[in-house]
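Below, all heavy atoms of this structure are taken into account, side chains as well, without hydrogens, waters or symmetry copies. Numbers here simply count residues along the sequence, with the first being 1.
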Amino acid sequence: MTMPLVSIIIPCYNVAGFMKKCLDTVCAQTLRDIEIICINDGSTDGTPDILREYEAADERIRLINQPNAGVAAARNAGLDAACGKYIGFADPDDYVSPVMFQRLYLAAEQYGAELVCMGATIAGDMPLSVRWSMLNGLQCPEWHCSHYDFASMGTFSELCWDKLYRTDFLKKTGLRFREGMRQGSDALFNNLLHPYVRNIVKIPDCLYIYRPTRPDSLVNVYKAPDKKGSGFYPALERVDLIAAAYRELGCLEKARITVLNWLNGSIQLFSSNLLHQTAGEKKEALDAVRALLDKYGWREFAQSPESPFRLLKHIACGHDFRVRCALFGLYRFLHSRAGNKLVELCTRIINLRGSSR
């Protein structure tokens, strides 16, 4: 078997209502020399039947069946099976432009890149808060760098489906998706990849169409707090794992601000999910952040006037948290509408109100 140009990995679990649209657009790629690796992760609906139907109709489709083990395990199975010069990903409830993988492939070949990043389009309505968090870092001007340093030049997005990875480069890093994580294995994977990337391309094309329509999609996970504070603790775990890996690689000190920004974003994004928790659970969340800051000598982060740690502290103490939640929502709205200056002003208002109590 000759090496395909691109291996496209699609982890599939109970997505019968979306699967055909995804596969139709992937199979219609103008880049014909591809393999499409579909991992059926123990689906209990009609997903396996659809996958078998498409596998029989298109010889480029390879179907892997496994017991349900989660999206990270499914993606790892795809990595193990991939034979292409490059690797890309798609989620089965989304779909893609017919020129997506050709555009990514040509950019990678033109610059000899290890990684190519692109933009995305979000289909349908979604809350401004989630639109803000997803679009941060997605859309970008065309840019190439052969001596990329993420700590000084900025990071790429935490998503998998807006990228093309060179296979030999990816295998040299030894990185895998962390299995067993409830959320964010793709974010962790890409965060851990940052120190290894030297030759990178960013293109402005928005060729991936993200559909936030499933109950367990990213948008709904973000807005549905549960007794565990939804994504708050998985986000802290990711920051801890990233910091530990960077320290082992000897780049934590220079990447300190970057990692603290990720911690900052995690607190901003998930703090509101703690409002429905008991006082003891709120204090537990605050103590978890404190412990993480102490572990890496970052306690001064909590003292910064702009730090959302103060917002978390006031939520934990029960100080007018409903007002603070409203201001926090305004923070996100202003970020989407007016940029960083008004966002910084809003953050200062939150903290000044808290410090006056």
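- Side chain of Asp162 to main chain of Cys117: no donor-acceptor pair is present (N/O by atom type, distance under 3.5 Å, no hydrogens or angles).
- When atom types are taken as modelled, the side chain of Tyr86 and the backbone of Leu115 share no donor-acceptor pair closer than 3.5 angstrom.
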Verify side-chain contact (heavy atoms from CB on, under 4.5 Å) between His147 and Met153, making sure each step is shown before the conclusion.
CA-CA 10 Å; His147 53 278; Met153 295 178 159; 3.7 Å; yes
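- Connection of Ile209 to Leu31 is not established within any shared hydrophobic cluster, with ILVMFWY side chains joined at heavy-atom distances below 4.5 Å, either directly or through further cluster members.
- When every heavy atom of Met19 is checked against every heavy atom of Thr47, the shortest pair comes out as SD-CG2, 4.2 Å.
- Side chain of Asn40 to main chain of Asn65: no donor-acceptor pair is present (N/O by atom type, distance under 3.5 Å, no hydrogens or angles).
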Is there a side-chain contact (heavy atoms from CB on, under 4.5 Å) between Val71 and Asp41? Walk through the geometry before answering.
CA-CA 8 Å; Val71 66; Asp41 188 39; over 6 Å; no
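- A pairwise comparison of heavy atoms in His194 and Phe156 identifies NE2-N, 3.1 Å as the closest pair.
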Could you give me the CA-CA distance, side-chain angles and deciding distance for Asn199 and Tyr111, then say whether side chain to side chain donor-acceptor pair (under 3.5 Å) is met?
CA-CA 8 Å; Asn199 197 329; Tyr111 296 106; over 6 Å; no
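- When only modelled atom types and interatomic distance are considered, Tyr210 and Asp91 share no side-chain donor-acceptor pair under 3.5 Å.
- Residues Phe189 and Leu249 are members of one and the same hydrophobic cluster, defined by side-chain heavy-atom contacts under 4.5 angstrom among Ile, Leu, Val, Met, Phe, Trp and Tyr.
- Judged purely by distance below 3.5 Å, without hydrogens or angles, the side chains of Asn68 and Tyr13 never pair a donor atom with an acceptor atom.
- Side-chain contact check for Tyr208 versus Leu159: every heavy-atom pair is 4.5 Å or farther apart.
- Separating the CD atom in Glu109 from the CG atom in Leu5 is a distance of 7.5 Å, to the nearest 0.5 Å.
- Not a single donor-acceptor pair under 3.5 Å links the side chain of Arg198 to the backbone N or O of Glu114.
- A single hydrophobic cluster is seen to contain both Leu106 and Ile203, as judged by linkage of ILVMFWY side chains at heavy-atom distances under 4.5 Å, directly or through other members.
- Across all their heavy atoms, Val15 and Pro92 have their closest contact at CG2-CB, 3.6 Å.
- For the pair Phe169 and Val197, the minimum side-chain heavy-atom distance is below 4.5 Å.
- Leu23 CG to Cys38 SG: the interatomic distance, rounded to the nearest 0.5 Å, is 5.0 Å.
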Tell me, with the steps shown, if Phe89 and Lys163 meet side-chain contact (heavy atoms from CB on, under 4.5 Å).
CA-CA 8 Å; Phe89 293 89; Lys163 298 178 179 66; over 6 Å; no
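- Of the options Arg62, Glu35, Lys85, a side chain to side chain donor-acceptor pair (under 3.5 Å) to Ser7 is made by Glu35 and by none of the others.
- Counting only N and O atoms by type, the side chains of Ser157 and Asn190 include no donor and acceptor under 3.5 Å apart.
- In this structure, the side chains of Met181 and Glu237 come closer than 4.5 Å at one or more pairs of heavy atoms.
- A heavy-atom distance below 4.5 Å is not found between the side chains of Asp49 and Glu53.
- Hydrophobic clustering, with ILVMFWY side chains joined whenever heavy atoms are under 4.5 angstrom apart, keeps Tyr95 apart from Leu207.
- When all heavy atoms of Gln66 and Ala77 are compared, the pair lying nearest together is OE1-CB, 3.5 Å.
- The pair Lys283-Asp287 counts as a salt bridge, with a side-chain nitrogen and a carboxylate oxygen less than 4.0 angstrom apart.
- Distance check: Asn76 CG to Ile39 CD1 gives 9.5 Å after rounding to the nearest 0.5 Å.
- Taken to the nearest 0.5 Å, the CD1 atom of Ile8 stands 4.0 Å off from the CZ atom of Phe101.
- Between Cys12 and Ile50 the shortest side-chain heavy-atom distance does not fall below 4.5 Å.
- Here the side chain of Asn191 pairs no donor or acceptor atom with the backbone of Ile242 at under 3.5 angstrom.
- Contact of the Leu63 side chain with the Tyr54 side chain is not registered, since no non-hydrogen atoms from C-beta on lie closer than 4.5 Å.
- With hydrogens and angles disregarded, no donor-acceptor distance shorter than 3.5 Å links the side chain of Arg60 to the backbone of Ile34.
- For the atom pair OG1 (Thr30) and CZ (Arg103), the distance works out to 11.5 Å, reported to the nearest 0.5 Å.
- Within the 3.5 Å criterion, the main-chain N or O of Met100 finds no donor-acceptor partner in the side chain of Asp205.
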Test side-chain contact (heavy atoms from CB on, under 4.5 Å) on Leu263 and Leu236 and set out the steps.
CA-CA 7 Å; Leu263 177 59; Leu236 293 189; 3.6 Å; yes
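- Once rounded to the nearest 0.5 Å, the distance linking CZ of Arg176 with CG of Leu79 reads 6.0 Å.
- Considering all non-hydrogen atoms of both residues, Asn14 and Ser43 come closest at N-OG, 3.0 Å.
- With Gln29 contributing its side chain and Ser97 its backbone, the two residues share a donor-acceptor pair below 3.5 Å.
- Here the two rings, on Tyr246 and Phe150, have centers that are under 6.0 Å apart.
- Between the side chain of Tyr148 and the backbone N or O of Gly154 there is at least one donor-acceptor pair closer than 3.5 Å.
- The two atoms that bring Ala120 and Trp161 nearest to each other are CB-CZ3, 3.6 Å, heavy atoms only.
- Although no hydrogens or angles enter the test, the distance criterion places no donor-acceptor pair under 3.5 Å between the side chain of Arg178 and the main chain of Ala72.
- One finds no salt bridge joining Arg238 and Asp186 here, because no Lys/Arg side-chain nitrogen approaches an Asp/Glu carboxylate oxygen to under 4.0 Å.
- Linking Ile, Leu, Val, Met, Phe, Trp and Tyr residues whenever their side-chain heavy atoms come within less than 4.5 Å places Leu188 and Leu252 in a single cluster.
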